[in-house]
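Remember, it's 1-based here, ligands and their atoms both numbered in the order they're listed. All values below come from the heavy atoms of this structure, side chains included, with hydrogens, waters and symmetry mates left out. Note that the structure is predicted; figures quoted are calculated from it, not measured. Along the sequence shown, residues are numbered consecutively beginning with 1.
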Amino acid sequence: MKLIKSGTYSITIGHQALKNLSAFLAKSRYSSLYILCDENTLQFCLPTLVISCKALAQAQVIEIESGESSKSMEFSAQVLQTLAENNADKKALLINLGGGVVSDLGGFSASVYKRGIDFINVPTSLLAMADASVGGKTGIDFAGVKNLVGTFAQPKAVYIYPEFLKTLPQRHFINGLAEIYKIALVSDLKFWNELKDQAKTTDPETLIAKSVSLKNKIVSKDPFDHGIRKILNFGHTIGHAIESLLLGSESELLHGEAVLRGMIIESHLAFQKKLITKKALSEISSVLLSAFKPQILPDLSIQAVTDLIRNDKKTTGNKSKFSLPVKIGACSFDVEATEQQIQKAFLYYQSLYNDKA
Ligand code: NAD
């Protein structure tokens, strides 16, 4: 088992995680307990959680539909409504049992209900275990823009029980791996090399622990995203635009899938800006292509992409700013790029596919 301290809270990773949560609940004095889940985590994870934590037999379960479209004002209102109807007071606790959608939505709702009640994350997807459940960013999508509305709010604790991954569909497992490759690429060459050689054979718990500890190190230096934390946004400026544009379409992508494409495209921006060599660009592209086998993107209007980037939280004024690698294992932030450079980078991504076809 691994215990990572993160500011005011701790992250427990391993087989004992749910036992530790049970011990925490037994000694805490919450007035009421709520568990937020979606239909899949309700079916596959909730029974194990409740068996492991007796205190949760009394908890009220709030169920949302699975999927990104639940990360909305409407579903947040549903969570808040349930809390209000049950007269939840300031001492209520919300446990977010699910993937990143549940932890982002639940964390956001908890952080605004009565100006903030405690919440605990029990992530159940690889993406949420390795990334979304830690770091204190909460949010919902709004007006067609990913994470447009949100708060910084730290969970009371995070309990990561990797056994939950046994029922996670393969597509979602691979989706989570994308964020793990990202953290390696921006901050740890050795980890990147390990992933290159043995990501498929390393047990998920080891990958999660490494990813969480790297993320935690960066977030601790800059909890509110003013500086170094921005390197975690590598791949996300383009990734979020792609994700938002394809949301609800036949080609809809999962978050990690969009970020993966964003990483390749933004690496080309880094190359155009002479931050990385051609060799580094080729290595990043070939490692990501062979590990994830992403498909060609449907035709996206560059205008629509840049409009969305302008709406991105990372943009100030009219300038599109990116977090771009300076070598494998290190990343810069607040690098400006023009529409023309962005277009060239998209063409590069599509050409990789053409080369392989
Ligand atoms: P998700 O929450 O939609 O979960 C993926 C799917 O897997 C869902 O269908 C879910 O029901 C199912 N699932 C989850 N755990 C399962 C299990 N153990 N068994 C069976 N099915 C299971 O999506 P996600 O990929 O976990 O998270 C994506 C979200 O995370 C995005 O909205 C993204 O913006 C957000 N995110 C947030 C942060 C942050 O720092 N706050 C970081 C990265 C991503």
Side-chain angles (χ1 to χ4, degrees), residues 6 11 18 36-49 63-72 75-76 96-108 110-111 119 121-142 145-155 158 160-183 204 208 211-212 215-216 218-219 223-225 229-230 232-236 239-244 247 252-260 262 312-313:
S6 175
I11 303 154
L18 298 185
L36 181 65
C37 48
D38 65 26
E39 76 277 9
N40 297 320
T41 62
L42 182 125
Q43 181 184 351
F44 297 115
C45 310
L46 186 63
T48 307
L49 179 71
E63 185 190 341
I64 57 161
E65 282 164 31
S66 65
E68 184 69 27
S69 54
S70 293
K71 233 178 82 171
S72 66
F75 278 90
S76 179
N96 299 317
L97 178 70
V101 166
V102 167
S103 54
D104 275 10
L105 173 76
F108 173 69
S111 74
F119 65 97
N121 289 334
V122 182
T124 61
S125 69
L126 181 60
L127 186 141
M129 291 183 189
D131 187 357
S133 65
V134 301
K137 280 190 184 177
T138 80
I140 54 173
D141 307 334
F142 191 73
V145 182
K146 280 274 304 175
N147 300 331
L148 189 67
V149 175
T151 55
F152 282 104
Q154 303 301 336
V158 179
I160 301 176
Y161 182 67
E163 274 84 342
F164 280 144
L165 295 175
K166 284 185 186 142
T167 55
L168 186 73
Q170 179 71 357
R171 182 177 173 191
H172 286 287
F173 187 85
I174 292 166
N175 180 54
L177 272 181
E179 291 278 14
I180 297 178
Y181 274 71
K182 178 211 71 184
I183 187 90
I208 294 161
S211 175
V212 167
K215 178 170 181 180
N216 187 42
I218 296 162
V219 171
F224 300 110
D225 228 358
R229 183 175 181 163
K230 293 182 189 176
L232 297 174
N233 293 330
F234 169 55
H236 282 65
H240 276 167
I242 295 174
E243 193 181 355
S244 301
L247 202 66
E252 181 167 325
L253 292 176
L254 299 175
H255 178 74
E257 293 171 342
V259 167
L260 171 77
D312 194 280
K313 296 176 299 310

Between [X] and [Y] (side chain of the first, backbone of the second, donor and acceptor by atom type, cut-off under 3.5 Å), is there such a pair?
| X | Y | value |
| --- | --- | --- |
| S70 | E65 | yes |
| K182 | L232 | yes |
| D38 | N40 | yes |

request  = Please confirm whether H255 and H236 have ring centers closer than 6.0 angstrom.
outcome  = yes
Provide, line by line, the atom pairs where ligand 1 and the protein bring an N/O atom each to a distance under 3.5 Å; else say none.
{"from": "ligand 1", "atom 1": "2 (O)", "to": "G100", "atom 2": "N", "distance (Å)": "3.2"}
{"from": "ligand 1", "atom 1": "2 (O)", "to": "V101", "atom 2": "N", "distance (Å)": "3.0"}
{"from": "ligand 1", "atom 1": "9 (O)", "to": "N40", "atom 2": "ND2", "distance (Å)": "3.3"}
{"from": "ligand 1", "atom 1": "11 (O)", "to": "D38", "atom 2": "OD1", "distance (Å)": "3.1"}
{"from": "ligand 1", "atom 1": "11 (O)", "to": "D38", "atom 2": "OD2", "distance (Å)": "2.6"}
{"from": "ligand 1", "atom 1": "11 (O)", "to": "N40", "atom 2": "ND2", "distance (Å)": "2.8"}
{"from": "ligand 1", "atom 1": "15 (N)", "to": "T124", "atom 2": "O", "distance (Å)": "3.3"}
{"from": "ligand 1", "atom 1": "15 (N)", "to": "T124", "atom 2": "OG1", "distance (Å)": "2.7"}
{"from": "ligand 1", "atom 1": "18 (N)", "to": "T124", "atom 2": "O", "distance (Å)": "3.1"}
{"from": "ligand 1", "atom 1": "18 (N)", "to": "F164", "atom 2": "O", "distance (Å)": "2.9"}
{"from": "ligand 1", "atom 1": "19 (N)", "to": "T167", "atom 2": "O", "distance (Å)": "3.4"}
{"from": "ligand 1", "atom 1": "19 (N)", "to": "T167", "atom 2": "OG1", "distance (Å)": "2.7"}
{"from": "ligand 1", "atom 1": "25 (O)", "to": "N175", "atom 2": "ND2", "distance (Å)": "3.2"}
{"from": "ligand 1", "atom 1": "26 (O)", "to": "G100", "atom 2": "N", "distance (Å)": "2.8"}
{"from": "ligand 1", "atom 1": "26 (O)", "to": "S125", "atom 2": "OG", "distance (Å)": "2.5"}
{"from": "ligand 1", "atom 1": "27 (O)", "to": "G100", "atom 2": "N", "distance (Å)": "3.1"}
{"from": "ligand 1", "atom 1": "32 (O)", "to": "E68", "atom 2": "OE1", "distance (Å)": "2.6"}
{"from": "ligand 1", "atom 1": "32 (O)", "to": "E68", "atom 2": "OE2", "distance (Å)": "3.3"}
{"from": "ligand 1", "atom 1": "32 (O)", "to": "K71", "atom 2": "NZ", "distance (Å)": "2.9"}
{"from": "ligand 1", "atom 1": "32 (O)", "to": "K146", "atom 2": "NZ", "distance (Å)": "3.2"}
{"from": "ligand 1", "atom 1": "34 (O)", "to": "K71", "atom 2": "NZ", "distance (Å)": "3.0"}
{"from": "ligand 1", "atom 1": "34 (O)", "to": "K146", "atom 2": "NZ", "distance (Å)": "2.7"}
{"from": "ligand 1", "atom 1": "40 (O)", "to": "K215", "atom 2": "NZ", "distance (Å)": "3.3"}
{"from": "ligand 1", "atom 1": "41 (N)", "to": "D104", "atom 2": "OD1", "distance (Å)": "2.8"}
{"from": "ligand 1", "atom 1": "41 (N)", "to": "K137", "atom 2": "O", "distance (Å)": "2.9"}

Partner residues of T48 under the side chain to side chain contact (heavy atoms under 4.5 Å, CB included) criterion, sequence neighbours left out = L18, S52, Y161, F164
query = In terms of side-chain heavy atoms, does E39 have a donor or acceptor partner in S66 at a distance below 3.5 Å?
reply = yes
